[in-house]
Amino acid sequence: MLLPGTISYLTAPRYPPAMVELSRDRQTVTASGEELIQLPDGVGFRDAVTHVDDRGSLCELYDPRWGWNPGPLVYSYMFTLRPGIVKGWAMHKEHEDRYFLLFGDLEVVLYDDRDESPTQGLVAKVYLSEHRRRLMNIPAGIWHADHNVGDRDVVAVNFPTRPYEHENPDKYRLPIDTDRIPHRFDAGARGW
């Protein structure tokens with residue numbers, strides 16, 4: 001007996017060979033587990049280690065002594081994003097964002113619109129997850145949109161390279177369906 005919602009390989013639909021075009025997966029990681037993705041110039045990562053014992057867990061978020069990013073540690077804030085929601089497009093002219101995802105699954109879409117960048121015009125998607133916690137920096141001038149692709153709220157911390165100026169925010173926005181950026185979110189994605 002099958003559980004509701006499951007499909008038996010015996011009852012799964014069969015397609016004539018002429019209707020199905022086979023395609024081979026492309027390589028996405030190296031044999032040592034490194035991702036093979038072209039990123040906008042200046043985007044970087046630092047994997048985090050979660051230490052677990054009988055009391056619980058501990059995960060260091062950011063330490064300037066790591067030498068991971070030359071920008072100062074001057075300010076931080078936490079943000080959440082509900083399932084299916086897109087936050088963006090946003091860009092900063094004077095500072096970098098440095099994300100650390102605590103909980104959830106986040107797709108970060110990047111668009112390099114910098115005139116002098118060797119990766120100008122590149123669109124890249126990066127996935128941050130609680131199952132592989134890491135720091136990610138987004139350089140100034142990179143348009144980015146955050147899309148919660150999971151089924152619960154994303155909880156993340158940002159360590160931007162300069163404090164937020166409430167009277168003069170270094171934040172520029174475009175709608176998520178702009179024609180200026182060659183990327184389209186799934187029809188069900190909502191946000192601004």
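Each residue takes its place number in the sequence, starting with 1. Quick caveat: nothing in here was measured; it's all calculated off a predicted structure.
Considering OG1 of T161 and CZ of R98, their distance stands at 6.0 Å, rounded to 0.5 Å. Put simply, CZ on F100 and CZ on R46 are 9.5 Å apart, with the number rounded to the nearest 0.5 Å. Rounding to the nearest 0.5 Å places CG of L122 at 10.0 Å from CZ of R114. How far CG of L73 is from CG of D63: 9.0 Å, rounded to the nearest 0.5 Å. Taking CZ of R152 as the reference point, atom OG1 of T80 lies at 12.5 Å (rounded to 0.5 Å). The line from CG of L39 to NZ of K125 is 13.5 Å long, rounded to the nearest 0.5 Å.
Across every non-hydrogen atom of P83 and R190, the tightest pair is O-NH2, 4.3 Å. Pairing each heavy atom of D112 with each of S117, the nearest pair is OD2-OG, 2.5 Å.
Looking only at distances, no side-chain donor or acceptor of D97 sits under 3.5 Å from a matching main-chain atom of P160. In this structure, the side chain of E107 does not engage the main chain of Y127 through any donor-acceptor pair within 3.5 Å. Of the possible donor and acceptor atoms, none in the side chain of D170 sits under 3.5 Å from a partner among the backbone N and O of E165. The backbone N or O of H51 sits nowhere less than 3.5 Å from a side-chain atom of S57 that would complete a donor-acceptor pair.
Looking at heavy atoms from C-beta onward, V86 lies out of side-chain contact with W192 at the 4.5 angstrom threshold. Counting heavy atoms from C-beta outward, N69 and E96 have side chains that approach closer than 4.5 Å. Between N148 and D146 the shortest side-chain heavy-atom distance does not fall below 4.5 Å. Side-chain contact between V109 and I181 is absent, with no heavy atoms from C-beta onward closer than 4.5 Å. In this structure, the side chains of V149 and L106 stay at 4.5 Å or more apart for every pair of heavy atoms. Residues Y111 and P40 have side chains not in contact (no heavy-atom distance under 4.5 Å, counting atoms from C-beta outward).
Crowding of E116 atom CD: a count of heavy atoms from other residues, nucleotides or ligands under 6.0 Å not exceeding 12.
Aromatic ring centroids of Y99 and F79 lie under 6.0 Å apart. For F185 and H147, the ring centers are positioned less than 6.0 Å apart. Checked against the 6.0 Å centroid criterion, the rings of H92 and H144 qualify as a close aromatic pair.
Comment: R134 engages E35 in a salt bridge, judged by a side-chain N to carboxylate O separation of less than 4.0 angstrom. Between D153 and R82, at least one side-chain nitrogen of the basic residue sits less than 4.0 Å from a carboxylate oxygen of the acidic one, meeting the salt-bridge criterion. The existence of a salt bridge linking R184 and D177 is excluded, since no basic side-chain nitrogen approaches an acidic carboxylate oxygen closer than 4.0 Å. One finds no salt bridge joining D47 and R133 here, because no Lys/Arg side-chain nitrogen approaches an Asp/Glu carboxylate oxygen to under 4.0 Å. No salt bridge links E94 with K171; every basic N to acidic carboxylate O contact stays at or beyond 4.0 Å.
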- Would V29 and L36 satisfy side-chain contact (heavy atoms from CB on, under 4.5 Å), going step by step from the backbone distance to the final call? CA-CA 5 Å; V29 296; L36 294 175; 5.7 Å; no
- Please step through side-chain contact (heavy atoms from CB on, under 4.5 Å) for the pair W66 and L135, ending with a clear verdict. CA-CA 12 Å; W66 295 334; L135 279 163; 3.7 Å; yes
- Any chance you could lay out the side-chain contact (heavy atoms from CB on, under 4.5 Å) test for M136 and V108, step after step, and finish with the verdict? CA-CA 10 Å; M136 172 188 180; V108 181; 4.0 Å; yes
- Starting from the C-alpha separation in whole Å, work towards a yes-or-no answer on side-chain contact (heavy atoms from CB on, under 4.5 Å) for V43 and L110. CA-CA 9 Å; V43 173; L110 307 164; 4.1 Å; yes
- Task: Check the pair D113 / Q120 against side chain to side chain donor-acceptor pair (under 3.5 Å), numbers first and verdict last.
- Result: CA-CA 5 Å; D113 195 30; Q120 182 186 26; 4.7 Å; no
- Can D105 and S129 be said to form a side chain to side chain donor-acceptor pair (under 3.5 Å), step by step? CA-CA 5 Å; D105 295 297; S129 172; 2.9 Å; yes
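For the residue pair D41 and T119, no side-chain donor N or O sits within less than 3.5 Å of a side-chain acceptor on the partner.
Two different hydrophobic clusters hold V126 and W143 under the rule that ILVMFWY side chains link at heavy-atom gaps under 4.5 Å. Y62 and Y77 fall into different hydrophobic clusters, defined by Ile, Leu, Val, Met, Phe, Trp and Tyr side-chain heavy atoms under 4.5 Å apart, directly or through other members. V123 and W89 fall within a single hydrophobic cluster, where Ile, Leu, Val, Met, Phe, Trp and Tyr are joined by side-chain heavy atoms under 4.5 Å apart, directly or via other members. L101 and I142 fall within the same hydrophobic cluster, where Ile, Leu, Val, Met, Phe, Trp and Tyr residues are linked whenever their side-chain heavy atoms come under 4.5 Å apart, directly or through other members. Tracing side-chain contacts under 4.5 Å through hydrophobic residues (I, L, V, M, F, W, Y), one never reaches M91 starting from I138; they form parts of separate clusters.
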